[in-house]
2 protein chains.
Amino acid sequence: MRTEEALTEKLIKEKARILFFQKGLLDATTQEIADEAGVNRALIHYYFRSREQMLETLLDETLLEKKEKVRSILVSNLPFREKIACYINALVDYGLAYPYLDNFIISETARHPEKIRIFCSRDRIKSSDLIREQLAEEIANGKIANISPEHFMVNLSALCNYPLLAKSVLQTIHGMTDVAYRKFLNERKRVIFRTIFNEEMPQHLANTELTKNRL
Amino acid sequence: MRTEEALTEKLIKEKARILFFQKGLLDATTQEIADEAGVNRALIHYYFRSREQMLETLLDETLLEKKEKVRSILVSNLPFREKIACYINALVDYGLAYPYLDNFIISETARHPEKIRIFCSRDRIKSSDLIREQLAEEIANGKIANISPEHFMVNLSALCNYPLLAKSVLQTIHGMTDVAYRKFLNERKRVIFRTIFNEEMPQHLANTELTKNRL
DNA sequence: ATACTGTTTAACAATTTTGTTAAACATCAA
DNA sequence: TTGATGTTTAACAAAATTGTTAAACAGTAT
């Protein structure tokens with residue numbers, strides 16, 4: 001049945017995503033994935049041929065989704081600071097959903113350097129190029145200290161992504177519950193803006209839902 | 001022979017470190033480790049009983065080494081900005097030697113949450129507590145925008161560690177050779193200081209070797 | 001030389017994990 | 001009902017990986 005087929009396939013992908021990118025079990029076995037989805041392990045091979053291919057599909061789809069989300073913000077014609085605020089919100093929010101996605105890619109590319117091209121192939125334009133002019137303008141106007149677009153974007157990614165990657169460690173060191181950690185990450189959105197611009201994030205941008213509507 | 005014993009054991013640990021923490025092959029097999037060291041695989045069991053126990057030893061030793069390096073800077077009585085400059089230099093330099101150490105811990109703790117305690121057990125004092133007073137003073141004097149010690153330290157770790165973790169991806173996106181990437185990371189030391197303090201890193205602190213001598 | 005110690009090796013056993021296959025099952029159309 | 005199609009399952013085979021063991025080896029002291 002067509003609808004059922006789509007359902008099972010989707011179910012497997014969804015549960016695999018949770019294991020890989022949410023729980024960080026980057027070497028989850030086909031059995032574990034099948035268990036999580038409550039289906040027979042052979043179905044993974046039925047739908048995806050091999051564990052390898054399932055992973056490729058999964059990464060491709062997930063990355064595309066994230067990149068589109070993020071890219072649309074950078075190419076928008078919002079004023080620079082609003083744009084960056086949106087970017088921070090999107091990155092942190094996406095990271096809250098799939099904290100281990102970046103970690104997964106880092107591990108995969110270390111193991112299989114030849115696959116880096118696959119992950120990066122879709123990005124014909126470097127994200128640092130998308131903010132080059134606006135950043136230059138900001139610097140020229142003395143609104144921000146001199147910095148290259150590359151370092152600026154690395155700073156931004158680092159500040160947003162690292163606390164998500166290091167979740168378990170940070171949570172333990174500071175003795176935070178899951179709720180407290182989520183709160184900490186939401187605080188961070190404003191902290192990051194302040195760190196980058198040395199200035200308070202405008203109140204009307206501080207709420208994710210609102211910023212979404214601005215696009 | 002006593003000296004030989006020490007040699008082989010050390011050799012295995014050294015090569016395992018390279019595989020795990022330098023090359024990022026976080027699921028390297030005992031065979032791969034043995035090959036890298038040019039010894040028989042059974043020796044790993046002879047010296048460490050199991051792969052598991054070797055890993056534990058390795059992590060314990062490596063982390064202790066790094067933490068001591070880093071801790072000594074934070075407890076020193078250097079002026080705040082010099083202290084942070086040293087900290088940045090140390091973190092980036094250590095990361096250049098073992099770029100995947102953090103990534104490894106992140107993956108391990110995701111897989112075995114019960115082990116987090118082990119990794120964190122030695123830290124009786126949170127690093128954020130070590131800079132609390134100095135940071136408060138800095139803020140009181142209006143030398144830096146208001147920020148909690150926790151967020152300050154997370155910012156610092158993020159800015160230093162993330163580019164090391166994401167090495168392969170960043171290198172590919174920006175088409176950098178290994179040499180270029182190393183240069184980029186050294187530039188970053190000053191970029192990070194500027195991002196944190198919104199002010200140039202003093203020239204005399206910019207060189208790692210010099211900062212080492214100041215302790 | 002010989003016996004003793006600790007080190008290293010090859011061969012083996014046990015386990016885990018992936019991938020395959022044939023049969024059972026369900027749904028739908030003729 | 002029967003047959004065709006696609007889905008799901010259990011059972012099996014193959015490969016990879018860890019851990020064990022007995023024997024070979026090297027050096028040292030007696």
Side-chain angles (χ1 to χ4, degrees), chain A residues 1-21 23-60 100 104 107-108 110-115 118, chain B residues 1-21 23-60 100 104 107-108 110-115 118:
Chain A
M1 198 207 273
R2 285 276 164 275
T3 49
E4 280 237 16
E5 175 193 356
L7 275 181
T8 311
E9 192 176 347
K10 240 184 153 177
L11 178 71
I12 292 173
K13 284 203 281 197
E14 187 50 39
K15 296 304 184 181
R17 263 198 200 191
I18 291 176
L19 284 181
F20 287 135
F21 309 145
K23 300 193 180 173
L25 304 173
L26 81 176
D27 54 358
T29 65
T30 52
Q31 188 61 64
E32 286 174 299
I33 297 164
D35 288 350
E36 185 86 7
V39 301
N40 188 286
R41 192 174 61 83
L43 284 186
I44 288 166
H45 294 93
Y46 177 71
Y47 285 111
F48 302 98
R49 190 151 199 91
S50 72
R51 183 184 183 279
E52 188 78 353
Q53 275 199 31
M54 186 193 68
L55 238 169
E56 197 130 327
T57 308
L58 207 58
L59 268 176
D60 238 40
Y100 289 98
F104 196 92
S107 301
E108 275 295 294
R111 256 197 294 260
H112 311 289
E114 75 281 3
K115 285 195 182 162
I118 300 171
Chain B
M1 198 206 272
R2 283 276 163 276
T3 49
E4 281 237 15
E5 175 193 359
L7 275 181
T8 311
E9 190 175 348
K10 239 184 156 178
L11 179 71
I12 293 173
K13 283 202 281 198
E14 188 48 40
K15 296 303 184 179
R17 260 197 202 192
I18 290 176
L19 284 180
F20 287 136
F21 308 146
K23 300 194 180 172
L25 303 174
L26 80 177
D27 53 359
T29 64
T30 51
Q31 187 62 63
E32 287 174 298
I33 296 164
D35 288 350
E36 186 85 8
V39 301
N40 188 285
R41 192 174 61 82
L43 284 186
I44 289 166
H45 293 94
Y46 177 71
Y47 284 111
F48 304 98
R49 189 150 200 93
S50 72
R51 182 185 185 278
E52 188 77 354
Q53 274 198 33
M54 185 193 66
L55 238 168
E56 199 129 326
T57 307
L58 208 57
L59 267 176
D60 239 39
Y100 289 98
F104 195 93
S107 300
E108 273 295 294
R111 256 197 293 259
H112 311 289
E114 76 280 3
K115 286 196 183 161
I118 301 171

(message) Any non-hydrogen side-chain atom of B/M54 less than 4.5 Å from a side-chain atom of B/Y47?
(response)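 No; the side chains remain at least 4.5 Å from each other.
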(request) Kindly indicate whether the side chain of B/E108, heavy atoms from C-beta on, has any atom under 4.5 Å from the side chain of B/L26. (result)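 Answer no - side chains too far apart.
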Checking contacts here: which listed nucleotide ([options]) is nearest the side-chain heavy atoms of [X]?
X: A/T30; options: C/dT9, C/dT18, D/dG19; result: C/dT18
X: B/Y47; options: D/dT18, C/dG19, C/dT8; result: C/dT8
X: B/A42; options: C/dA10, C/dG19, D/dG19; result: C/dA10
X: A/V39; options: D/dT18, D/dA11, D/dT9; result: D/dT9
X: A/Y46; options: D/dT8, D/dG19, C/dG19; result: D/dT8
X: A/N40; options: C/dT17, D/dT9, C/dT8; result: D/dT9
X: B/H45; options: D/dT18, C/dA10, C/dT18; result: D/dT18

(message) Does B/K115 have more than 12 heavy atoms from other residues, nucleotides or ligands lying within 6.0 Å of its NZ?
(response)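 More than 12 within 6.0 Å, yes.
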(request) Determine whether more than 12 heavy atoms belonging to other residues, nucleotides or ligands lie under 6.0 Å from atom CD of B/E114. (result)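 Check passes, neighbour count above 12.
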Separation of [X] atom [atom1] from [N] atom [atom2], in whole Å?
X: A/I12; N: D/dT7; atom1: CD1; atom2: C1'; answer: 11 Å
X: B/D27; N: C/dT16; atom1: CG; atom2: C1'; answer: 14 Å
X: A/Q31; N: D/dA10; atom1: CD; atom2: C1'; answer: 12 Å
X: B/F48; N: D/dT18; atom1: CZ; atom2: C1'; answer: 16 Å
X: B/D35; N: D/dT18; atom1: CG; atom2: C1'; answer: 15 Å
X: B/R51; N: C/dA14; atom1: CZ; atom2: C1'; answer: 18 Å
X: A/L55; N: C/dG19; atom1: CG; atom2: C1'; answer: 16 Å
X: A/E52; N: C/dT17; atom1: CD; atom2: C1'; answer: 14 Å

(message) Please determine whether a side-chain nitrogen of the Lys or Arg among B/K23 and B/E32 lies less than 4.0 Å from a carboxylate oxygen of the Asp or Glu.
(response)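 Answer for the salt bridge query: no.
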(request) Ignoring backbone atoms, establish whether A/T8 has a side-chain N or O less than 4.0 Å from OP1 or OP2 of D/dT8. (result)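 The answer is yes; a side-chain N or O of A/T8 sits under 4.0 Å from OP1 or OP2.
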